[in-house]
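Notes to accompany the following structure.
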Amino acid sequence: MSTVREIAEYAGVSKSTVSLVLNNKSGVSDEMRQTVLNAVDELNSLRTATLVPERTMIEHGSEVKSQTIMVLHPPVLRSSYVFGQVLQGIQSVAEMNKLQLRLVVNDPKASSQHVSHLYLTDDYLQPDGALMFGAQKHEPLLDKVVEQGIPCVVLGREVKRYDVSGIERDETRYAYQLTQHLIDLGHRSIVFAGGDQRYDFTHTRLLGYQLAMEDAGAPPKPEHICLGDGATATQTLLDANPDATAIIYVNDSYAQEGVSVLSERGLAIPDNIAIASFDNSEFAQTYDVPITSIAYDHYKEGQWAIKMLLEKIRYPFIDKSHLSFKGNLIVRASTDASQLS
């Protein structure tokens, strides 16, 4: 049985709300009640489907060692909000199944003495499975994990071209949708700001923007796109495109860097310029002009990633599996002034 805290975190509600629902008390809307009940059912399903027997170790007699999962993450987290949400989801299922998590920096430049290599080459320390978050285009450690035959699940990128399981998002589709939202509002001079070329999501989100603009009869020129940090990209784009009426940021972290430039130049959002982004972080939700954003359920991505990994460990006949998460366009005042309270 899941705890009140687990249910509250999963459903995104308060513990008092969960308590009212579980005790069949009044004071909760029918919609909220159903949300909590659905969370209970899904958590019970996760607990049942992912429970993996612990393995017995011989070196200490009858001592039992829980299974170990290595979580590889980028050396630099441009969006700690996203990683935090994913990690909470991973942790929730790990606690249910008494798993040990090892957080390891995924640094392609790491020496052969780095702890990540030790975990992959020492038979005693080798994990039962690996989760790789935010994989880059060049992934020596992912190659090593595959070579060692360690079950692996990748998050945060397209994975079909890799010989591993993974959770992905149709980033191009949702970037197209976000751009189309601005086009439908009458914008034609839309620019694209921020991003690191090492990561797939930069390219897939940029592609969605480009396709939408092309379909609208306004294909973007090189000066309409600037990657790099949000502040510098914003400055460059505004200098090159003084007639720009909207900016799409590659994610909320870059948008947070860019809005200071807009403020310095006296550009009011959305009256002078509209902005939109990805990830629906706390910044997007709470900025003084809330920002239109594409939202993904990162918490559940983390939960399902470890569920997939445990299934792969439990059933070796599973080759690989891919799961695609939906995105949700949340329109706020940064593109629609009518949303201002």
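Below, all heavy atoms of this structure are taken into account, side chains as well, without hydrogens, waters or symmetry copies. Count residues from 1 along the sequence.
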How far does [atom1] of [X] sit from [atom2] of [Y], to the nearest 0.5 angstrom?
| X | Y | atom1 | atom2 | result |
| --- | --- | --- | --- | --- |
| Lys144 | Cys152 | NZ | SG | 14.5 Å |
| Glu301 | Ile90 | CD | CD1 | 10.0 Å |
| Asp128 | Arg314 | CG | CZ | 14.5 Å |
| Thr234 | Glu264 | OG1 | CD | 10.5 Å |
| Leu309 | Met132 | CG | CE | 12.0 Å |
| Glu95 | Gln91 | CD | CD | 4.5 Å |

Any [X] side-chain heavy atom under 4.5 Å of [Y] side chain:
| X | Y | answer |
| --- | --- | --- |
| Ile294 | Glu171 | no |
| Leu131 | Ile69 | yes |
| Val261 | Leu267 | no |
| Thr179 | Met213 | yes |
| Tyr209 | Ile225 | yes |
| Pro220 | Gln210 | yes |
| Gln285 | Arg332 | yes |

Over all atoms of both residues, closest heavy-atom pair of [X] and [Y]:
| X | Y | result |
| --- | --- | --- |
| Asp170 | Ser324 | N-OG, 4.1 Å |
| Ser277 | Asp252 | OG-OD1, 2.8 Å |
| Ile247 | Leu262 | CD1-CD2, 4.1 Å |
| Ile150 | Pro127 | CG2-O, 4.0 Å |
| His203 | Gln197 | NE2-O, 2.7 Å |
| Pro270 | Ala333 | CG-O, 3.2 Å |

**Item:** Ion pair Asp279/Arg205, N-O distance below 4.0 Å
**Value:** yes

For the side chain of [X] and the backbone of [Y], is there at least one donor-acceptor N/O pair under 3.5 Å apart?
| X | Y | result |
| --- | --- | --- |
| Tyr287 | Gln256 | no |
| Thr292 | Ser334 | no |
| Asn97 | Leu99 | no |
| Gln100 | Thr68 | no |
| Lys312 | Ser165 | no |
| Asp196 | Tyr199 | no |
| Arg169 | Lys326 | no |

**Prompt:** With Asp243, which residues qualify under side chain to side chain contact (heavy atoms under 4.5 Å, CB included), at least two apart?
**Reply:** Ser189, Asn241

**Asked** In chain order, what residues pass the side chain to side chain contact (heavy atoms under 4.5 Å, CB included) check against Ala268, with sequence neighbours excluded?
**Response** Asp271, Asn272

**Item:** Among Thr245, Thr335, Val331, side-chain contact (heavy atoms from CB on, under 4.5 Å) partner for Leu185
**Value:** Thr335

**Prompt:** Using the ring of each side chain (for Trp, its six-membered ring), is Tyr296 parallel, tilted or perpendicular to Tyr174, with breaks at 30° and 60°?
**Reply:** perpendicular

**Message:** List the residues meeting salt bridge (Lys or Arg N to Asp or Glu O under 4.0 Å) with Arg265, not counting sequence neighbours, and say none if there are none.
**Reply:** Asp239

**Item:** Tyr254 vs Tyr249, ring pair (Phe, Tyr, Trp, His ring centres under 6.0 Å): CA-CA, chis, key distance, verdict
**Value:** CA-CA 6 Å; Tyr254 290 86; Tyr249 287 95; 8.3 Å; no

**Request:** Start with the C-alpha distance between Ile190 and Ile248, add both sets of side-chain angles, then the distance that settles side-chain contact (heavy atoms from CB on, under 4.5 Å), and finish with yes or no.
**Result:** CA-CA 7 Å; Ile190 305 170; Ile248 293 177; 4.1 Å; yes

**Request:** Could you list the residues that satisfy ring-ring contact (aromatic ring centres under 6.0 Å, His included) with Tyr299, not counting sequence neighbours?
**Result:** none

**Prompt:** With Phe278, which residues qualify under ring-ring contact (aromatic ring centres under 6.0 Å, His included), at least two apart?
**Reply:** none

Look at the side-chain heavy atoms of Ile, Leu, Val, Met, Phe, Trp and Tyr, link any pair under 4.5 Å apart, and say whether [X] and [Y] land in one connected group.
| X | Y | answer |
| --- | --- | --- |
| Leu37 | Tyr10 | yes |
| Leu103 | Val82 | yes |
| Ile291 | Ile330 | no |

**Message:** Name the residue from His181, Gln180, His187 that meets the side-chain hydrogen bond (donor to acceptor under 3.5 Å, both in side chains) definition with Asp184.
**Reply:** Gln180

**Asked** Do Phe192 and Leu227 pass the side-chain contact (heavy atoms from CB on, under 4.5 Å) test, and can you show the C-alpha distance, the side-chain angles, and the key distance before you say yes or no?
**Response** CA-CA 8 Å; Phe192 187 96; Leu227 305 184; 4.2 Å; yes

**Request:** List the steps, then state whether side-chain contact (heavy atoms from CB on, under 4.5 Å) holds for Asn251 with Phe201.
**Result:** CA-CA 9 Å; Asn251 69 25; Phe201 71 84; 4.0 Å; yes

**Item:** Transitive ILVMFWY cluster of Tyr176, excluding itself - 4.5 Å side-chain cut-off
**Value:** Leu207, Leu211

**Prompt:** Can a donor-acceptor pair be found between the side chains of Asp229 and Thr232 at a distance below 3.5 Å?
**Reply:** yes

**Asked** Run the side chain to side chain donor-acceptor pair (under 3.5 Å) check on Asn38 and Arg33 step by step: do they pass?
**Response** CA-CA 9 Å; Asn38 288 343; Arg33 187 178 300 276; over 6 Å; no

**Request:** Carefully, step by step, assess Asn328 and Asn280 under the rule side-chain contact (heavy atoms from CB on, under 4.5 Å).
**Result:** CA-CA 9 Å; Asn328 182 30; Asn280 194 39; over 6 Å; no

**Message:** Would you say the ring centers of Phe83 and His73 fall short of 6.0 Å from each other?
**Reply:** yes

